[in-house]
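This report concerns only the one structure given below.
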Amino acid sequence: MFSVRRWGATRLAAAVLASGLAAVGAIAAAGPAAADDTVPASGGANAVLDGLRTFGQAVIHNDAGDQKVGAGLFQMTVEGGGTLQTYCIDVHNPTQANAKYQEKPWSQTSLHDNADAGKIRWILQNSYPQVNDLSKLAAAAKSGALTEKTAATGTQVAIWRFSDRVDVEAVDPAAEKLADWLEASARDLEEPRASLTLDPPAVSGKSGDRLGPVTVHTDAASVAVSLDPAAEATGVKVVGRDGAPATAAANGTELFFDVPKGAADGSTSLTAQATTKVPVGRAFASDSKSQTQILAGSSDSTVKATATADWAKKGAIPAVSAEKNCAKGGVDVTAANQGDEPFTFELAGTEYTVEAGRSRTVTVPVKEDQAYDFTITGPNGFEKNFSGVLDCKTAGTPSTDRPSPEPSPASAGGSSEGSTGGSGTSGEDLAETGSSSATPVIAGIAVALVAVGGGAVFLLRRRKAGTAGE
């Protein structure tokens, strides 16, 4: 069995309290800032957390003592239609009721530096619910009879050993044997392909040109493509590489915005949408600091991605996008310029210039769990805002911080032990997500953490090259 007993995993209450104190200092120094919109999702499924649905009990061992938690399958409802089943990969963070989640690449989650991420995917593909013949699974694991609940519990326990490096055991003997077998058998697999993304998510150019390409990356057989109706009225079209109007696409398809010559300076967006099963192993993260999840199963679900285009007759013509970069601890802001003049902007007190026909990526440092909010402006009313919260680490990362004497709400909640649905409460010794006595405190600190965006606000303003700062 994976042994990290007495690692001294940080308890959520202590971690959140420390973050809350840091937030107070940042707010006092910088003032509050709103963060209404997140960095645009890279595409894929967007879903709302319904809660823990099929689970049993597990025990986490650490320096603060043993903590009993719920361990099993969560359920999410996909925006636009569909249902997802997920396991937790962030055991020491709580879930937030009705939290909104976005499909993310591993690079934008705590899996970005986890050498065992591929083993987690192997577990997902070789255990419940992907393997729903429980007698076959029990025979392979030599676990004894398994139910849906004990299979889900054992699978979650095995995942936590790799995702959070915790010393955890399933209470049920059969679930524990399954967890041990999965841990010992796991092999590295590659990260699954996104259900749907568009790359790049923003393009620009002169009117009269085809702006792009925007390449479709998808696991779906076919994707529907549509343009903002307001742009269609001005003669703008979405076309393929051959110049023919495009209303459908597949993996690898290149799309272009065909802007008529002489068209007034403007902007628009295209939307790609499909119904497909999201690949097992895709990560799901929330900017509400609700624990990160990983996909275990998907019904046919709605997936969507958007790309924007800006055009003008002359001058600087910027295209700007942003995405979290967990490896560098910040947010990558990419500015491209397809105009005939340099595009100059200021970011965090430093001025950057993008020459005509070139692009540049700047990484904005953001502290873990800190909100950020940056805006970039340009000619002809161009303006893009990006905001959110950087969440790249698990709360259980080994730390020198003194653990809280109180158990943190972990991954329980939803249905009662022994049921698969409903909204009952767990047993008295089972830590509950979103409903423990610590919830009001956590909620209050969460509000402060959102407000800490004021400590990470960066204003990007377009200037003409050589012009003094505003």
Side-chain angles (χ1 to χ4, degrees), residues 12 15-16 19-20 22-23 26-27 32-51 74 76-79 84 86 88-90 92-112 194 197 201 282-295 304-306 321-333 363-375 384-395 409 411 433-434 439 442-458:
L12 175 66
V16 174
S19 299
I27 293 169
D36 296 328
D37 301 315
T38 63
V39 167
S42 54
N46 293 286
V48 176
L49 184 67
D50 297 329
F74 287 83
M76 294 188 189
T77 298
V78 179
E79 294 179 7
L84 306 178
T86 61
C88 165
I89 53 172
D90 192 8
H92 290 291
N93 264 330
T95 56
Q96 304 298 331
N98 301 314
K100 293 184 178 180
Y101 281 77
Q102 302 84 40
E103 180 183 342
K104 297 288 186 182
W106 290 355
S107 63
Q108 295 185 30
T109 72
S110 58
L111 294 178
H112 76 279
T197 60
R282 291 295 290 173
F284 280 78
S286 171
D287 276 329
S288 66
K289 282 298 295 176
S290 187
Q291 62 186 207
T292 307
Q293 306 277 312
I294 194 163
L295 188 74
K304 183 185 297 185
T306 60
S321 60
E323 65 177 15
K324 296 176 184 179
N325 186 331
C326 287
K328 293 184 178 180
V331 178
D332 286 343
V333 178
T363 301
V364 181
V366 180
K367 293 182 179 179
E368 178 69 9
D369 296 333
Q370 190 170 47
Y372 56 85
D373 183 16
F374 16 93
T375 299
K384 289 288 182 70
N385 175 264
F386 307 97
S387 59
V389 176
L390 193 72
D391 182 11
C392 294
K393 300 177 182 178
T394 63
S411 58
T433 295
T439 298
I442 293 170
I445 294 174
V447 172
L449 288 174
V450 173
V452 77
V457 175
F458 305 94

Might you work through the side-chain contact (heavy atoms from CB on, under 4.5 Å) test for Phe74 and Gln291, ending with a clear yes or no? CA-CA 11 Å; Phe74 287 83; Gln291 62 186 207; 3.2 Å; yes
Would you please test Thr292 and Phe284 for side-chain contact (heavy atoms from CB on, under 4.5 Å) and show each step? CA-CA 6 Å; Thr292 307; Phe284 280 78; over 6 Å; no
Between Thr375 and Lys384, is the side-chain contact (heavy atoms from CB on, under 4.5 Å) condition met? List the steps. CA-CA 6 Å; Thr375 299; Lys384 289 288 182 70; over 6 Å; no
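Using a 4.5 Å heavy-atom threshold, the side chains of Tyr101 and Asn46 count as separate. At a threshold of 4.5 Å between non-hydrogen side-chain atoms, the residues Val48 and Met76 do not count as touching. The closest side-chain heavy-atom distance from Asp391 to Asp369 is below 4.5 Å. The shortest distance between side-chain heavy atoms of Asp373 and Asn385 falls below 4.5 Å. Side-chain contact between Val389 and Gln370 is absent, with no heavy atoms from C-beta onward closer than 4.5 Å. Two residues are said to be in side-chain contact when any heavy atoms from C-beta on lie closer than 4.5 Å; Val331 and Tyr372 meet this criterion. Inter-residue side-chain proximity for Val333 and Val364 is flagged as met; some heavy-atom pair is nearer than 4.5 Å.
Counting only distance, with no hydrogens or angles, the side chain of Ser286 and the backbone of Lys100 share a donor-acceptor pair below 3.5 Å.
Ion pairing of Glu103 with Arg282 is present here, as a side-chain N (NZ or NE/NH1/NH2) and a carboxylate O approach within less than 4.0 Å.
Checked by atom type, the side-chain pair Ser290/Ser288 shows no donor-acceptor distance below 3.5 Å. Between the side chains of Asp50 and Thr77, at least one donor N or O lies within less than 3.5 Å of an accepting N or O.
Exactly one of Thr109, Ile89, Asp90 qualifies for a side-chain contact (heavy atoms from CB on, under 4.5 Å) with Thr394. That residue is Asp90.
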